[in-house]
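Below: one structure, written as structure tokens.
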Amino acid sequence: MTDEFPTRYDPQEAEPRIYSQWEKSGYFNPDRCVEDGITSKEADYFSLVLPPPNVTGTLHLGHAFEDTVQDIIIRYNRMRGKRTLWIPGTDHAAIATQAKVESVLNKEEKKNRHDLGREEFLRRVREFAEKSHDTIVKQVKRIGASLDWSREAYTLDEKRSSAVKIAFERMYGLGLIYRGARIVNWDPRSQTTVSDDEVVHEETNGLLYTFRYDKDFPIAISTTRPETKVGDVAVAVNPKDERYKEYVGKEYKVKFVDKEFVIKIVADENIDPAFGTGAVGVTPAHSLIDWEIAEKNSLPYTQVIDEQARMTEAAGPLLVGKKTLEAREIMVTWLKQESLMEKEEEIKLNLSKAERSGGTIEPLPKLQWFIDVGKPFILSDSKIEGISSGETTTLKEIMKQAVSGGQVKIIPDRFEKVYFHWIENLRDWCISRQLWFGHRIPVWYCLKCGVPTVNAQISSKWFLVRHGETDDNKEHRASGGGRDVPLNEVGVAQAEKAAEILKGQNIGLIISSHLTRAKQTAEIIAKATGAEIIYDEELRERYMGKVEGVHHDEIKELYPSFWIDYHGKSAENESYHETGERVHVAFKKHRDSHDGMNVVVVSHGGAIRTLLKHLKNLTPEETLTKMHLIPNATPIPIDILSQDCTNCGEKLFEQDPDTLDTWFSSGMWTFSTLGWPEKTKDLETYHPNSFMAPGYEIIFMWVARMILMSGALIGEVPFRTVYFHGIVRDKNGQKFSKSKGNGIDPIDMAEKYGADALRMALIAGASPGNDVKFDEDRVRGYRNFATKIWNASRFLVMNKPDSARPETITPTKKDKEILDGFLQIKSEVAKHIEEFDFHLASEKTYHYFWHTFADKIIEEAKSRLKGDDMADQWAAYDTLEQVLLGSLIMLHPFMPFVTEEIYQKFRPEKMLLVERWD
RNA sequence: GCGCUCAUAGCUCAGUGGUAGAGCGUUUGCAUGACACGCAAAAGGUCCGAGGUUCGAUCCCUCGUGGGCGCACCA
């Protein structure tokens, strides 16, 4: 017996073996438990869903901690006989993952995402995400998390994508999602908008400048950003401010920098008379507050900063094209030269930064999609306490009610205050992101009139493809319908890349220009897609007459209007106008005769450009100046929807290029994982979730959004209890982060000391909502504890009485006391778990096992086991065994591996995982 | 500015209205037939400061000091 019970337990060997045994049993899946009669069909449910880790790399100790908390409660409830479901999954984490891949790309290949193009970049991101996913799954399993892998989900998988689409449509239909021009937080570094919650404030030292627009202007204003002042339209003062009362309502013409302005004096409550001069220059385009003041007073706006954080043309010749900081210096110098500067003083100010990229947020007016949190709508089917079905409510109200009505219990309760406070200050949620990785916004704009269609299915897709590169292209020679040159090497590679992209698009037909460069491109695509090619000369490039093959610079000299005159024919060429007409007619003909299939059209730069002029209803000027040149071998998708444009009846659409805020899909996590929008059995059975264990740092980003989405879409709260755990920090209280290099891989800890030890170390010192400082010494301590459990069990095996087990064992008074004592502890532990005091529960089991069971009970039993009284030997042993097995049950949620391993040595036919606690 | 939170043994942290606990560390014995990742014993704390409530406070209240964090403003 001692052969198979060495003095040391080896977690590294045992843990993976035990995990796969559990997996094979299928008992992580509640359906299986019911089938095998382990769980009653009528039993209560207990469900939770794993907060999906971001596929940005690997898990850290914080995840291990989070997983442990959940695993404890799920194992406990499973052993209590409930139908327990814990669903695993991962989050695509749009901005975080994209940023990660971009930074790798930049480091390793010195490229940005635009160098690769949308499709290729996304392929790389997916590849990366998949790798991360695999690592993450391995890690989660190593920790011992008893997740039902058969239900694994991903926020970007097919089911979740379709759920997102339907959610968007429904919320749009309810008027909860709208498109509007508003001031948004623009991150110039990652070139996207971000939500208010993704902005962090950093205190910095700044200068407050006080100046006048010109000498005759009656009021001096204060600002920290003089460069934005060229976008001013008004000066706002407090209505009670006596100094300025006489000016309110008046308009002044000013000459400022090199522009003429009209500045109106307005009154606004929000202005603090004590700050600066008590007068503020109102810059609606670059400040949210100013935007609101402008709205109230019907003032116009001038955008003077662009998406690159550079000054626009509207900023005037002195500043145009300059970075904002440069522009600031220029402004300050100018103000001083003109003697308009009255004061400069140092002040502290908060700089807004994008949480992910660190870019300085630039508030800009942009046309974006928003969720309206204050809009009244009818919640048709409500199970939310305090809001009845059919009642008019708002998203804010739902979020408030869910918690104040007690349906969502927040632990620890101090976070309720934080939650309510956030809701009070909540503004509309900007959900569109200018990122590539994520759920594409399910909105199509009519190519012709631009009107959006939301509730739509794609019935077929057309792709316009310009041929790959030729030597003419490379050497900047005009290459029209009169020249027939082949692809060069680069061009072939480009065509192959395009073919790769189109391969997955179920292409039914390729229609190509007959010119060699197009033909070659089409053939490469045909090979990859298996589609047939038909040729149409009408799709040829614009005929360039006398300049065919001539270098672009030379053309500019010879025929200056050649590239810019839409109707020009000066080089005996075909005009752009003529080309467009020709190609458009051809395109229309093909469109009509190849309905319902996905088609690739291979043509040329000028031809596609002028075709798009017709399709998009552009002016000649827009076509030639504003529209970008068509890149080689990059498919331009055009969607044909199941319905025509409701505004103009046209059939061709392009999808909104933006993607959704990643929290939009994570907000649906509790029900999208259960199969929503289908009315699945899972959804009916397991929603709302019983429990949820996120970190308190995502209370707004995620938890509030889950309550919002769940309320809006299914009229339910997402979960009953939300338990906020703290952040795991290093020994010195620092957050773990890659940049600090203090990261610890939970796998390393599990390999070194065992997952059981790691779990105990994480959970034992952690009261709800408080941060945990991680100390390897503690892990070692609990590794020792695992060994203690092991050896106490070993003692029992070695000291089992030799005689035959008697029919009946009569416990002594002492035995009864011991058993009563144990049951007392066990019920206390159960109570702690049920009250989510996992730290108390784990410490109590620890203390009992070591210092009561091992140190006292076993020690005291030794003399009885060695005594002469056979019956008493058995009585003593039987008590020990009962307490041991009971303790293993009690310890199992915390230390699942070692307890399972030992339990099966005593009860080979059983599995502790599904043994009953009571 | 508003709010939250923490301050307990050398370190990291639990905890309680009746003068305190764990892990690691330290000291002293022990190779005691389960376990040296152990056993037995021990040292070590005016439970941040001041005041209040109470028969009694480390725990409740007020103020203060010093950390951490959130939110808002930031012209």
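All chains are named by letter (A, B, ...) in the order of the sequence lines, taking the proteins before the strands, and each is independently numbered beginning at 1.
Shown here are the salt bridge (charged side-chain N to carboxylate O under 4.0 Å, His left out) partners of Glu860(A), two or more places apart in sequence or in another chain: Lys814(A). Among residues two or more places apart in sequence or in another chain, the side chain to side chain donor-acceptor pair (under 3.5 Å) test is passed with Asp661(A) by Trp429(A), Arg433(A). Partners of Asp290(A) according to the salt bridge (charged side-chain N to carboxylate O under 4.0 Å, His left out) rule, which considers only residues two or more places apart in sequence or in another chain, do not exist here. Contacts of Arg8(A) classified as side chain to side chain donor-acceptor pair (under 3.5 Å), with partners at least two apart in sequence or in another chain: none. Partners of Glu751(A) according to the salt bridge (charged side-chain N to carboxylate O under 4.0 Å, His left out) rule, which considers only residues two or more places apart in sequence or in another chain, are Arg142(A). Legend: residues meeting salt bridge (charged side-chain N to carboxylate O under 4.0 Å, His left out) with Arg864(A), ordered by chain and number and at least two apart, are Asp815(A), Asp872(A).
The CZ-C1' distance, from Phe894(A) to rG23(B), rounds to 17 Å in whole Å. Rounded to an integer number of Å, the gap from Leu61(A) CG to rU12(B) C1' is 15 Å. Between Glu202(A) atom CD and rC71(B) atom C1' there is a gap of 17 Å when expressed in whole angstrom units. Protein atom CD1 of Ile271(A) is 13 Å distant from nucleotide atom P of rC73(B), rounded to whole Å. Rounding to whole angstrom units, CG of residue Asp771(A) and P of rC69(B) are separated by 10 Å. Rounding to whole angstrom units, OH of residue Tyr753(A) and P of rG23(B) are separated by 17 Å. The CE-C1' distance, from Met760(A) to rA14(B), rounds to 13 Å in whole Å. Between the CG atom of Asp775(A) and the C1' atom of rC13(B) there is a distance of 10 Å, rounded to whole Å.
Sorted pairs that involve residues 409-422 of chain A and meet salt bridge (Lys or Arg N to Asp or Glu O under 4.0 Å), not counting sequence neighbours, are lacking altogether. Residue pairs meeting the salt bridge (Lys or Arg N to Asp or Glu O under 4.0 Å) criterion with at least one member in residues 876-890 of chain A, sequence neighbours excluded, are Arg805(A)-Asp878(A), Glu881(A)-Arg907(A).
Leu208(A) comes within 4.0 angstrom of nothing in the nucleic acid, heavy atoms only. Ser767(A) comes within contact range of the sugar-phosphate backbone alone, with a heavy-atom separation under 4.0 Å but no base atom that close.
The gap from the P atom of rC47(B) to that of rG18(B) amounts to 15 Å, rounded to the nearest Å. Rounded to whole Å, the C1' atom of rC48(B) lies 29 Å from the corresponding atom of rU27(B). Spacing of C1' atoms, rG15(B) relative to rA22(B), comes out at 10 Å, to the nearest Å. Comparing rG45(B) with rC37(B), their C1' atoms sit 29 Å apart, to the nearest whole Å. Using P as the reference atom, rG17(B) and rA7(B) are 16 Å apart when rounded to the nearest Å. Comparing rA20(B) with rU8(B), their C1' atoms are spaced 8 Å from each other, to the whole Å. rC4(B) and rC61(B) are spaced 11 Å apart, taking the P atom of each and rounding to whole Å. Only the P atoms considered, rC11(B) is 12 Å distant from rU46(B), to the nearest whole Å.
Stem analysis of RNA chain B (Watson-Crick or G-U pairs, both distances under 3.5 Å, runs of at least three) returns B:1-7 with B:65-71, B:10-13 with B:21-24, B:26-30 with B:38-42, B:48-52 with B:60-64.
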Check your understanding: When you check every protein heavy atom under 4.0 Å of nucleotides 24-39 of chain B, what one-letter string (B, S, -) results, 5' to 3'?
Key -> S---------BBSBSS
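In this structure, Ala766(A) and His847(A) both approach RNA chain B, and ranking their closest nucleotides by distance from the 5' end singles out Ala766(A). Between Lys229(A) and Asp196(A), the one whose closest nucleotide on RNA chain B sits nearer the 5' end is Asp196(A).
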Donor-acceptor pairs under 3.5 Å, side chain of residues 829-840 of chain A to any protein atom, not counting sequence neighbours: which ones?
from      : atom 1 : to        : atom 2 : distance (Å)
His832(A) : NE2    : Lys844(A) : NZ     : 3.4
Glu834(A) : OE2    : Tyr76(A)  : OH     : 2.4

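Note: Phe822(A) and Phe853(A) fail the aromatic proximity criterion, with ring centroids not under 6.0 Å apart. For Trp334(A) and Phe211(A), the ring centers sit 6.0 Å or farther from each other.
Counting atom types as modelled, His201(A) pairs a side-chain N or O with a base atom of rC74(B) as donor and acceptor under 3.5 Å.
The closest side-chain heavy-atom distance from Met341(A) to Tyr209(A) is below 4.5 Å. Taking 4.5 Å as the limit, every side-chain heavy atom of Val332(A) sits out of range of all side-chain heavy atoms of Leu335(A).
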Heteroatom pairs (N/O) under 3.5 angstrom, protein to nucleotides 2-8 of chain B:
from   : atom 1 : to        : atom 2 : distance (Å)
rC4(B) : OP1    : Lys417(A) : NZ     : 3.2

